[in-house]
Amino acid sequence: VQLQASGGGLVQAGDSLRLSCAASGRTFSTASMGWFRQAPGKEREFVGGLRWNGASPEYADSMKGRFTISRDNAKNTVYLQMNSLKPEDTGVYYCAIELRGRIDAAGSYRYWGQGTEVTVSS
């Protein structure tokens with residue numbers, strides 16, 4: 001199983017970015033996934049997750065209303081649309097797949113992508 005996260009970059013506060021997570025060896029229509037991020041010097045934190053059965057995405061409280069997760073089954077890709085970005089959103093964003101436990105716990109996922117870096121300047 002391989003996950004490829006992409007779409008990160010350097011943006012200004014208030015801008016938007018869309019991250020992509022493409023999977024091979026596993027399909028998002030049969031396996032739940034999560035987005036996490038890790039800021040320098042901080043622990044990895046939950047951003048949001050999408051269950052395989054198409055239930056509404058779940059988000060960390062600080063991301064609600066600004067971030068949106070969507071899925072394209074034909075491309076086997078999940079997207080993280082991030083709007084109204086803030087400097088505190090800076091970090092490396094990871095996608096993960098195959099959930100065994102709480103959707104908001106990093107330890108619940110079996111496979112991880114390499115991450116894509118997002119930097120938001122003030």
Side-chain angles (χ1 to χ4, degrees):
V1 177
Q2 291 189 329
L3 298 175
Q4 180 71 43
S6 61
L10 172 63
V11 297
Q12 294 186 332
D15 285 350
S16 298
L17 269 180
R18 188 179 78 160
L19 307 184
S20 300
C21 176
S24 59
R26 202 77 171 89
T27 61
F28 291 117
S29 59
T30 59
S32 299
M33 68 81 60
W35 283 100
F36 290 77
R37 70 184 184 190
Q38 188 164 18
K42 295 187 177 181
E43 293 186 355
R44 194 166 297 190
E45 67 170 335
F46 175 70
V47 172
L50 184 63
R51 298 186 187 275
W52 66 270
N53 60 4
S56 296
E58 301 173 41
Y59 303 96
D61 288 343
S62 61
M63 287 68 163
K64 288 179 181 177
R66 297 191 301 126
F67 291 7
T68 303
I69 297 173
S70 61
R71 187 174 77 192
D72 185 330
N73 288 338
K75 295 182 179 179
N76 200 28
T77 299
V78 171
Y79 303 98
L80 177 65
Q81 177 69 42
M82 305 186 295
N83 298 328
S84 302
L85 283 163
K86 307 174 182 179
E88 51 264 44
D89 293 319
T90 293
V92 178
Y93 283 69
Y94 299 89
C95 57
I97 197 172
E98 199 163 308
L99 176 66
R100 294 291 186 267
R102 291 173 57 99
I103 197 170
D104 61 350
S108 297
Y109 295 86
R110 184 173 182 183
Y111 302 104
W112 289 81
Q114 85 291 354
T116 184
E117 189 166 5
V118 173
T119 303
V120 184
S121 63
S122 57

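Each residue takes its place number in the sequence, starting with 1. As the structure is a prediction and not an experimental result, all values here were calculated from the model.
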Tabulate below the donor-acceptor pairs under 3.5 Å that side-chain atoms of residues 112-122 make, not counting sequence neighbours, or state none.
from, atom 1, to, atom 2, distance (Å)
Gln114, NE2, Ala5, O, 2.9
Thr116, OG1, Gly8, N, 3.0
Ser121, OG, Val11, O, 3.3

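- The side chain to side chain donor-acceptor pair (under 3.5 Å) check on Arg71 picks up Asn73, with sequence neighbours excluded.
- Residues passing the side chain to side chain contact (heavy atoms under 4.5 Å, CB included) test with Ser70 are Tyr79, sequence neighbours excluded.
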Would you be so kind as to tabulate the donor-acceptor pairs closer than 3.5 Å made by side chains of residues 54-61, with sequence neighbours excluded?
from, atom 1, to, atom 2, distance (Å)
Glu58, OE2, Arg51, NE, 2.8
Glu58, OE2, Arg51, NH2, 3.2
Tyr59, OH, Ile69, N, 2.7
Asp61, OD1, Lys64, NZ, 3.2

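- Under the ring-ring contact (aromatic ring centres under 6.0 Å, His included) criterion, Phe46 pairs with Phe36, sequence neighbours left out.
- When the side chains of ILVMFWY residues are joined at heavy-atom separations under 4.5 Å, either directly or via intervening members, Leu80 and Leu10 end up in two distinct hydrophobic clusters.
- Qualifying side chain to side chain donor-acceptor pair (under 3.5 Å) partners for Tyr93, counting only residues two or more places apart in sequence or in other chains: Arg37.
- Linking ILVMFWY side-chain heavy atoms closer than 4.5 Å, directly or via other members, places Leu50 and Leu99 in two distinct hydrophobic clusters.
- For Thr90 against Ala39, the heavy-atom pair with the smallest separation is O-CB, 3.6 Å.
- For CD of Gln2, the number of neighbouring non-hydrogen atoms (other residues, nucleotides, ligands) closer than 6.0 Å is 12 at most.
- The two atoms that bring Ala23 and Asn76 nearest to each other are O-ND2, 3.0 Å, heavy atoms only.
- Residues satisfying the side chain to side chain contact (heavy atoms under 4.5 Å, CB included) test with Gln38, not counting sequence neighbours, are Arg44, Tyr94.
- The list of disulfide (SG to SG under 2.5 Å) pairs with a residue in residues 42-122, not counting sequence neighbours, reads Cys21-Cys95.
- Applying the side-chain hydrogen bond (donor to acceptor under 3.5 Å, both in side chains) test to pairs two or more places apart or on separate chains, those with a residue in residues 99-108 are Arg102-Asp104.
- Cluster annotation: Met63 and Met33 are assigned to the same hydrophobic cluster (Ile/Leu/Val/Met/Phe/Trp/Tyr, side-chain heavy-atom contacts under 4.5 Å, transitive).
- Hydrophobic clustering of Ile, Leu, Val, Met, Phe, Trp and Tyr side chains at less than 4.5 Å, counting indirect connections, keeps Leu19 apart from Tyr109.
- Not one N or O on the side chain of Ser32 forms a donor-acceptor pair closer than 3.5 Å with the backbone of Glu98.
- By the criterion of side-chain heavy atoms lying less than 4.5 angstrom apart, applied directly or through intervening Ile, Leu, Val, Met, Phe, Trp or Tyr residues, Ile103 is not grouped with Trp35; the two fall into different hydrophobic clusters.
- Residues forming a side chain to side chain contact (heavy atoms under 4.5 Å, CB included) with Ser84 (at least two apart in sequence, or on another chain): Arg66.
- Each side-chain hydrogen bond (donor to acceptor under 3.5 Å, both in side chains) pair with one or both residues in residues 13-25, not counting sequence neighbours, appears once here: Ser16-Asn83.
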